Participant: 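The following block contains the structure, expressed as C-alpha cells.
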Amino acid sequence: MAPSLSEPFSDSSVLIDFVINQGNGVKGLSEMGLKALPKQYIQPLEERMCMTNVQAQESIPVIDMSNPDDPEVKKSICEAASKWGFFQIVNHDVPIEVLENVKDATYKFFGLAAEVKNKYSKEHSLSNNVRFGTSFTPQAEKALEWKDYLSLFYVSEEEAFALWPSVCREQVLDYMRKSEVVIKQLLKVLMKGLNVNEIDETKESLLMGSMRTNLNYYPKCPNPELTVGVGRHSDVSTLTILLQDEIGGLFVRGNDGDNWIHVPPIKGSLVINIGDALQIMSNGKYKSVEHRVVANGSNNRISVPIFVNPRPSDMIGPLPELIENGEKPIYKQVLYSDYVKHFFRKAHDGKKTVAFAEL
C-alpha cells in the first residue's frame, strides 16, 4: 500500500501531541490534506452512521413562533417535547444578524493560530469556565470524535470580559442575551404543559440557573464514513438551543428506535431539544433524545449550542407539583453537578447517563 499522509500519526503520542498539546485540533489535521483518517479516529462499526437507517421522509416538527401565545403553538411545543424531544423554531425573537454575527465569530475564533487557541486549553486556561478542546473526553474514548470546540460557561459579564476570547466574546454574549426571551417563552409553555402554572424565582433558577455556550467546529474529513463528528448522546441540559449553519449533519434518533432523522438546516431557525434534566424534572413526560453529528467530506461545518441548565448545586428530580398530583416518581433526587460529572467521565454512550437518576 502506498504510504499515506496519515502515517506520521501511527504513533498515538505524536497525534495527541499535535492535536491536543500543541492546540492544532482536528482542524490542524484537516488542513494537512490527509488522504486517510488517522486510526485513532476510526470508530467501531456499530458507532458509524449507516445511511440505510436514515428516514428520508421523516422530519422533526418546525414550529412558527411569530405568535407564541397562540394555543395551537403552545400545544405543538408540548407535543414536540413529549413525542420527539426535538423541534425547530422559526420567526422567533432572536434577530437574524445576531445569529450571523455569532457564526462569523465562531469562524474567527477557529481561524486563530494554534498557539493562541491553546491558551484556552485545559492545561493553560485561566478558568475551568473557558475551555478549548477537541473530541469529547479523549482520555475515556476508544475512538476520537472529529470535532474541535470552545466551551464558555457563563458566570457574569465581568468574568466573560476578563476571560473569554475577545474575537467572539461580544457576539456570544449578545446571542445568549437575545436567546433568553425565547428560552423563557419555551419554558413557560413547557411548564404549563405539566400543570405548573407559575415559574417563580426558585423554579426559574432550577430550570435555567446556569448557561454554557459551545462554539463547535467540524473540519472537512478525509474518510467521513469511518468516524463521527459527535457520537450518540443526549444532552444533560434542561433545554438546548442550537444554531447550525447551512451544511447539515445533525441526526436525531427516530421514535421507532432504529432509525435516524436528519435535521435539515433552515435559514434563521433554531433547533430546540429537551435535555436529561428536563426529562427527569418532568418525570419522563418530556423526552431527551439521542442525537449525533456525522463528519463531512467536502465542507467545514460549525454549530453553536446554548445549554440551559440547572445550577451545579441544585438537586434535580421530578417536580413536586407532579408528585403532589399523585404521579409515581420514576427518578430520584440527584445533585446536578454529580449528574454532569458522571456524563463527562465517560465516552458518549447514547442515553445511558439518565440511568444515574433512575429509581
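What you see is a predicted model, and the numbers here were worked out from it, not measured in a lab.
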Participant: Any chain of hydrophobic side-chain contacts (each under 4.5 Å) joining V334 to F307?
Facilitator: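 Per the 4.5 Å side-chain linkage, V334 and F307 are not co-clustered.
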
Participant: Can you check whether L322's main-chain N or O pairs, donor with acceptor, with N325's side chain at less than 3.5 Å?
Facilitator: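 Answer holds: no.
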
Participant: Taking ILVMFWY side chains as joined if any heavy atoms are under 4.5 angstrom apart, and letting links pass through other members, which residues group with L335?
Facilitator: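 Joined to L335, directly or through intermediates: M315.
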
Participant: Within the structure provided, determine whether V308 and I183 are in side-chain contact (heavy-atom separation under 4.5 Å).
Facilitator: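 Yes. Closest side-chain heavy atoms under 4.5 Å.
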
Participant: Regarding E290 and S234, is there a side-chain donor-to-acceptor distance under 3.5 Å anywhere?
Facilitator: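 On atom types as modelled, these side chains do not qualify, holding no pair under 3.5 Å.
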
Participant: Let's go through E198 and M191 carefully: what are the C-alpha distance in whole Å and the side-chain angles of both, what is the deciding distance for side-chain contact (heavy atoms from CB on, under 4.5 Å) to 0.1 Å, and is it a yes or a no?
Facilitator: CA-CA 8 Å; E198 206 211 326; M191 286 300 108; over 6 Å; no

Participant: Do we see a donor-acceptor contact under 3.5 Å between the side chains of D93 and Q185?
Facilitator: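 Yes, a side-chain donor-acceptor pair sits under 3.5 Å.
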
Participant: Please check if V90 and V189 belong to a single hydrophobic cluster, counting links between Ile, Leu, Val, Met, Phe, Trp and Tyr side chain heavy atoms closer than 4.5 Å.
Facilitator: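 Not linked; separate clusters.
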
Participant: For a ring pair (Phe, Tyr, Trp, His ring centres under 6.0 Å) check, start with the C-alpha distance between F86 and H291, then their side-chain angles and the critical distance, and finish with the verdict.
Facilitator: CA-CA 10 Å; F86 262 84; H291 50 286; 5.0 Å; yes

Participant: Is there a path of hydrophobic side-chain contacts, each under 4.5 Å between heavy atoms of I/L/V/M/F/W/Y residues, joining V62 to I77?
Facilitator: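 No, it is not one cluster - the side chains of I77 and V62 are not joined through contacts under 4.5 Å.
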
Participant: Evaluate the criterion side-chain contact (heavy atoms from CB on, under 4.5 Å) for residue pair V236 and Y339; output intermediate values, then yes/no.
Facilitator: CA-CA 8 Å; V236 292; Y339 190 86; 3.6 Å; yes

Participant: Just checking, is any N or O donor in the side chain of N283 or E327 under 3.5 Å from an acceptor N or O on the other one?
Facilitator: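 Their side chains do contain a donor-acceptor pair, which is all the 3.5 Å distance test asks for.
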
Participant: Report yes if the side chains of R48 and V228 come closer than 4.5 Å at any heavy-atom pair, otherwise no.
Facilitator: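 R48 does not reach V228 side chain to side chain.
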
Participant: Could you tell me the separation between the NZ atom of K119 and the CG atom of L112, rounded to the nearest 0.5 Å?
Facilitator: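 Nearest 0.5 Å value for the NZ-CG distance: 9.0 Å.
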
Participant: Run the salt-bridge test on D200 and K203 with the 4.0 Å N-O cut-off and return the result as yes or no.
Facilitator: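 Salt bridge between D200 and K203, a charged N being under 4.0 Å from a carboxylate O: no.
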
Participant: Answer with yes or no whether the side chains of D104 and T106 bring together a donor and an acceptor at under 3.5 Å.
Facilitator: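 Per modelled atom types, T106 and D104 side chains form no pair under 3.5 Å.
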
Participant: Check K27 with E31, please: is the shortest side-chain N to carboxylate O separation under 4.0 Å?
Facilitator: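 Between K27 and E31 there is a salt bridge, with a charged N closer than 4.0 Å to a carboxylate O.
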
Participant: Give a yes-or-no answer on whether the side chains of N300 and Y217 include a donor-acceptor pair shorter than 3.5 Å.
Facilitator: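 Checked: N300/Y217 side chains pair up, N/O donor to acceptor below 3.5 Å.
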
Participant: So, N309 and T238: side-chain donor and acceptor under 3.5 Å apart, yes or no?
Facilitator: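 Short answer, no.
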
Participant: Test side-chain contact (heavy atoms from CB on, under 4.5 Å) on Q22 and D17 and set out the steps.
Facilitator: CA-CA 6 Å; Q22 294 175 36; D17 188 55; 2.9 Å; yes

Participant: Do T240 and D235 pair up side chain to side chain, a donor and an acceptor below 3.5 Å, judged on atom types alone?
Facilitator: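 Yes, because at least one side-chain N or O of T240 sits under 3.5 Å from a partner of the opposite role on D235.
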
Participant: Cut-off 3.5 Å, side chains only: do E321 and N195 have a donor facing an acceptor?
Facilitator: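 There is no such pair between these side chains.
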
Participant: To the nearest 0.5 Å, tell me how far N216 CG sits from Q244 CD.
Facilitator: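 If I round to the nearest 0.5 Å, the distance is 11.5 Å.
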
Participant: CZ of F110 to OH of Y218: how many Å apart, nearest 0.5 Å?
Facilitator: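 Here the rounded value is 10.0 Å.
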
Participant: Decide whether L152 and V167 are clustered together by the hydrophobic rule: side chain heavy atoms of Ile, Leu, Val, Met, Phe, Trp, Tyr closer than 4.5 Å, transitively.
Facilitator: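 Yes, L152 and V167 fall within the same hydrophobic cluster.
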
Participant: To the nearest 0.5 Å, tell me how far R169 CZ sits from F161 CZ.
Facilitator: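 One gets 5.5 Å once the value is rounded to the nearest 0.5 Å.
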
Participant: Could you check whether E159 and N129, counting side-chain N and O atoms only, form a donor-acceptor pair closer than 3.5 Å?
Facilitator: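 Yes.
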
Participant: Hey, quick one: are V14 and Y41 part of the same hydrophobic cluster, counting side-chain heavy atoms closer than 4.5 Å, chains of contacts allowed?
Facilitator: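 Both belong to a single hydrophobic cluster.
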
Participant: In Å, rounded to the nearest 0.5 Å, how long is the span from CG of L226 to SG of C221?
Facilitator: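 Interatomic distance, L226 CG to C221 SG, rounded to 0.5 Å: 8.0 Å.
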
Participant: With sequence neighbours left out, what residues match E157 under salt bridge (charged side-chain N to carboxylate O under 4.0 Å, His left out)?
Facilitator: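 In terms of salt bridge (charged side-chain N to carboxylate O under 4.0 Å, His left out), with neighbours along the sequence ignored, E157 is linked to R177.
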
Participant: Would you call Y331 and V354 a side-chain contact if the rule is heavy atoms closer than 4.5 Å?
Facilitator: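 A side-chain contact under 4.5 Å exists here.
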
Participant: Whether E100 and K267 form a salt bridge (side-chain N of Lys/Arg under 4.0 Å from carboxylate O of Asp/Glu) is what I want to check.
Facilitator: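 A salt bridge is present here (some side-chain N lies under 4.0 Å from a carboxylate O).
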
Participant: Checking R131 against S121: is there a side-chain donor and acceptor pair closer than 3.5 Å?
Facilitator: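 No, no side-chain donor-acceptor pair sits under 3.5 Å.
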
Participant: Of L186, V182, L207, which is the lone residue that meets side chain to side chain contact (heavy atoms under 4.5 Å, CB included) with L239?
Facilitator: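 Looking at L186, V182, L207, the match for L239 under the side chain to side chain contact (heavy atoms under 4.5 Å, CB included) is L186.
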
Participant: At what distance, to the nearest 0.5 angstrom, does CD1 of I89 lie from OG of S66?
Facilitator: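 Between I89 CD1 and S66 OG, I get 11.5 Å after rounding to 0.5 Å.
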
Participant: For the NZ atom on K74, are there more than 12 heavy atoms of other groups (residues, nucleotides or ligands in this structure) within a distance under 6.0 Å?
Facilitator: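 More than 12 within 6.0 Å, yes.
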
